[in-house]
Structures are given as C-alpha cells and as structure tokens.
Peer 1: 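Here you go, one structure.
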Amino acid sequence: MAVLSNRLSRWTLPMFTCALVNFLAAQGLILAGLTWPAESISTSGTLAAVHLLVIGWLLLLVLGALFQFVPVITSRPLVSQSMALVTLIALETGMVGMVGGFFSIGAGYPTLAMALPLGGLAVCLGVLIACWNIGVPLIRSRPLPLPGRMILTGLAFLILTVTLGFSFALTLAVPVLAPYLAPLLAGVGDHALAGLGGWFTLTAMGVSYKLLPMFMLAPEERGIAGDSVHILGTVGFALAVGAGLARVWSAAGPLRTAELVGYAAVAIAVVLYLWDVAKIYRTRKRTVVEAHNRAAIAAFAFLGLGSALAIGFLMTGHLSVGAPAIVFLIVFGWLGGLGLTQLYKIVPFLTWLSRYGSSLGRGHVPRVQDLVLERRSYPWFALYFLGVLVGALFGLLGSPRGFRACIALVTLATVGLVIEYWRAWRGHYAHLRHGESATPPFLPTQRG
Amino acid sequence: MSTEVSLNRDLVLDALHDVIDPELGYNIVDLGLIYEVEVGTGIVEITMTMTTPGCPAQDYIMSGVYERCKSLPGVDDARVHLTFLPAWSPRLMTPVAKAHFGIQE
C-alpha cells in the first residue's frame, strides 16, 4: 500500500518559514524607528513595514495554510503543488521589490522606484496563481461547506485588494500615470479594509469554523449563525469598500450612508462570530483545550476590541485618529495572534505527517502533542499579547518610545515561539520524553 | 505443542490498538474509527472512517492499518476501505476513550 501521502502540502512549511522571517523583519523596522502607528501612512518606512506585515507575513502565512487546508475541506487536491512554489517565489521576491521601491521613493531615486510596480506585478501574479490553485478545488466541491464559501469570498476580496494596490504602485512610481490614477490614492483606507477585512478576516473566520470544532471535538454545523456571519461580513465589507471607493469621485450622501450600513453589517457579523466561537468552546467534547486554542482566545478578544474601538471612533467622528492603533490591533492582535497560535498546532501536525506518518503501523510513533511542551509556549503567548495590548495603548496615547518598548517584547515573544516551532520540527520534546539525546529508532527522519 | 493462535477478528482488533490517530493521540479502535473487520483465509478486510473527511493524516492512518494487519501471522493481504457513512462522532468512542478525553456519556 502506498505510504507517501499526497495530502501533505509540500510548500506550506517553507511558506511559514518565510512568513516568520518577514514578520521579524517588519518588527525590526519598527524597532529601528522607521515607523510607528501614528506616522503618516505615506512615509516610506511605514509603507515598507505595512507591506512586510501584510504580504510578507500574513499573506504567506494564510496562503501556506490554505494550501494544506483547502484539500481537507474539499477532499480534492490542489491543482498543482509546484505552482504553490511559484506563488511563494513570486510573493517573496515581489514583496522585497515593493519594500525596495518604497525606500527608493523615500530616498529620491526614481529609477529604482520601478521596483515598486514590478514587485507589485509579481505579487499580483503570485496571488492569481494561488487563487487558481485554491479556487478550483473549492469551486468544484459540491456541496461546499461554510468554511470553503468564506474562503472563496475572501479570495475575491484578495483580488480586489491587490488590483487596487497595483494601481497605487503605478501611481507612486510612474509619474506619467499619476494624473490619471492619483485620485485613487484617496481610497487607500478601502484598500486596507478590503485586505484586512474582506480577505484576511473572512478567510480566518472560515478556517477557524473548521479547525476549532475539529480540534476540540465540537459540532461542526454552524447553522444560521455561521451563514449570517458570512453573508453580513461579505455584504458589509463589499458595501463599505465599494461605497468608500465611489466616494473618491463623488461626495453623494447615499454613498456615505451605504458605507455606514456596511460598517454596521460588519460589526454585527463580528459580534455573531465571536458569540459562535464562544459556543464552539462551550460545546466542545474534548475537556482539555490545547495550548493553541487556549491562546487563540486572546486573538478573538483582539478582534472584538479592534472592532469596538473602530465603531467607537467612527461614531465620534475620529476614526482617522484611532485608525493606526486599530489597524495595529487587527494586524498584530487578531490576525497575527491567531496565526502564531495556530502555527503551534499546524507545525507539529505537518512535522508528524512528513517525518513520522510513514512509520504508523510499523512500530511506536509519537503523537502530535508529543512534539510540543505546552507549558513552554504560554509565557511567550502571554508576552506577545500583552505587548500588543500595551503597544496599542501607547499608540493611542502618542508615545513612540513606549510603543517600541512593547514591540521589543512582541519580538522577544515571537522569537521564543519560533524556537518552539523549530523544536517541534526537530522532534526535540519527543526525544526528551523518551530520555534519549539522539534520534531514537522510533523517530525516523524520512526527509532531509 | 503448537502455540499458534488462529487469525480472528479479536486478534486483528487487538493489533489495531497499536495504530493511533496522531492528532487525538489515541488508538483508532477505542476512538471508534474501525467499523468492520472481516477475516478470510489469509485476508483481512477493514472498513474504517476518519474523524473528519479529508483528514491530512488519512493516507498514513490507512497505511498504518494495512501495515499492522500485514504484520500479523497468517495474513497474506489486507484491504482497507474508507467510508464516511455513518460520519464519525465522539459518541462512537468506547467508554475507555471517552473517559480519557473527559467526555460525558
């Protein structure tokens, strides 16, 4: 019987590795003083850090996870494993080009600034290939469960986001096009909303709707609550982004109303989602909640906090004042936090599949949980989320020094977690549990 | 004096206790993943399920079942069939497994 599984996404772990390196690089830019939340979005340091975070860290992380996860929910393989590598190369090189382009524009080197649209083009290419690779099994799957429908919606927002982003890159780097495209720059907030909301948040919600019940043995059927989250979230983000972009050209009152209706729909979707997630935790059959799902509670709390702050600032007419701190909470607390916590499960799982799976039935093999030592992870998760929370507070209070001190804590925690992922991959704790320093015979290294 | 034990269903199930679901970290028999065991002359047929359709560990678990059955004396071949009818739920666990996971009856 064939032992080699085609269910293992070959390029997911390399994508996670690149994503973590990019995340630390972005934190390095903040620590170096090149940006902080209250800085104008148009400074080269801010643009570089933001794109390192959203393309280098979050996009690679989420696409890497989807390459592994979509075959799970569709029971269909990706269109092409090797095209996942093309996506990785296109996104990483494209992102490096974009970051170089931002710094070139800031330093006044217009020739080198062409790296920005060229990098943007590579990112668009990588995204389109990924959408094809992930979208085809999703579209062909009948009936498509809620997580799959939410991911498909997310992919549509992703295409919108990169299209807008590419037009911004052309505006900034190609002077001859600037007169035609410059008005679009006023829609940079909608670009961010489409990306962080329509793409990342809806996709993360969809993925969590599968993974949380699966790992906690809770009922997977989400019923009307899940469908409502999807519909309200989709309509809400589409209205907010669409009306927001239309307002770039027209100041018509109904557009503002549509935008506000969109925000309201998103707020209701978030409340429903958090209520539904709490229900999953409550109705779980598995008594013990593993570390990744325990720590994820903080990420869900940050989604609630970021959304509540956004609504609060919107209602008081000061959204632009609070927006940087809110974006920081969503990127680091909600999306980044959820990513780091779920990596603590996904990395050992993929490690088990690639290193130990073939030995099942032939002798003793470790469990996935044997590859981690949960108590080692809790201090890092606590430090990370504490750093994000207090960092956002310093952002709101206007204290760059306090904010950077918090980012230093966040960086320390991220490095600590990376070491734990590395130990899981190396089988470090599985070795220790059996009192042997070298690779024991029941832990064969089948690759590498 | 012969100490050979003839191949039977209980022997196969006992052997399959060595195969675990890696994520739950528990043997697949007590998890209730084995639906049917048929023992013929030198052939074992297993009908089993996964905790969730499309489980990434599916191929490895099925391969593990095959390998463990093949290692039994008197087994020339093993056939492993996958079904999701009925869908697995924690209700299918044995009382021992339910107690391990803290699941109320």
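Lettering follows sequence order; numbering is per chain, from 1. Computed from heavy atoms alone, side chains included, the values below leave out hydrogens, waters and symmetry copies.
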Peer 1: Side chain from CB out, backbone as N, CA, C, O: work out which of these in Met93(B) comes under 4.5 Å of a heavy atom of chain A, or both, or neither.
Peer 2: side chain
Peer 1: Considering only heavy atoms and a distance below 4.5 Å, find which of Lys70(B), Gln58(B), His100(B) pairs most often with chain A.
Peer 2: Gln58(B)
Peer 1: With a 4.5 angstrom heavy-atom cut-off, which part of Leu24(B) approaches chain A: side chain, backbone, both or neither?
Peer 2: both
Peer 1: Check step by step if side chain to side chain contact (heavy atoms under 4.5 Å, CB included) holds for Arg79(B) and Tyr66(B).
Peer 2: CA-CA 7 Å; Arg79(B) 292 167 195 163; Tyr66(B) 170 81; over 6 Å; no
Peer 1: Name the region of Thr52(B), side chain, backbone, both or neither, that has any atom closer than 4.5 Å to a heavy atom of chain A.
Peer 2: side chain
Peer 1: Is it true that Glu23(B) and Arg286(A) make a salt bridge, defined as a side-chain N closer than 4.0 Å to a carboxylate O?
Peer 2: yes
Peer 1: So, Tyr273(A) versus Tyr209(A), ring centres under 6.0 angstrom or not?
Peer 2: yes
Peer 1: Taking the six-membered ring for Trp, is the centroid-to-centroid distance between His81(B) and Tyr35(B) below 6.0 Å?
Peer 2: no
Peer 1: Mind checking whether Tyr26(B) and Phe101(B) have ring centres under 6.0 Å apart?
Peer 2: yes
Peer 1: Is Pro22(B) close to chain A through its backbone or its side chain, or both, or neither, when contacts mean heavy atoms under 4.5 Å?
Peer 2: both
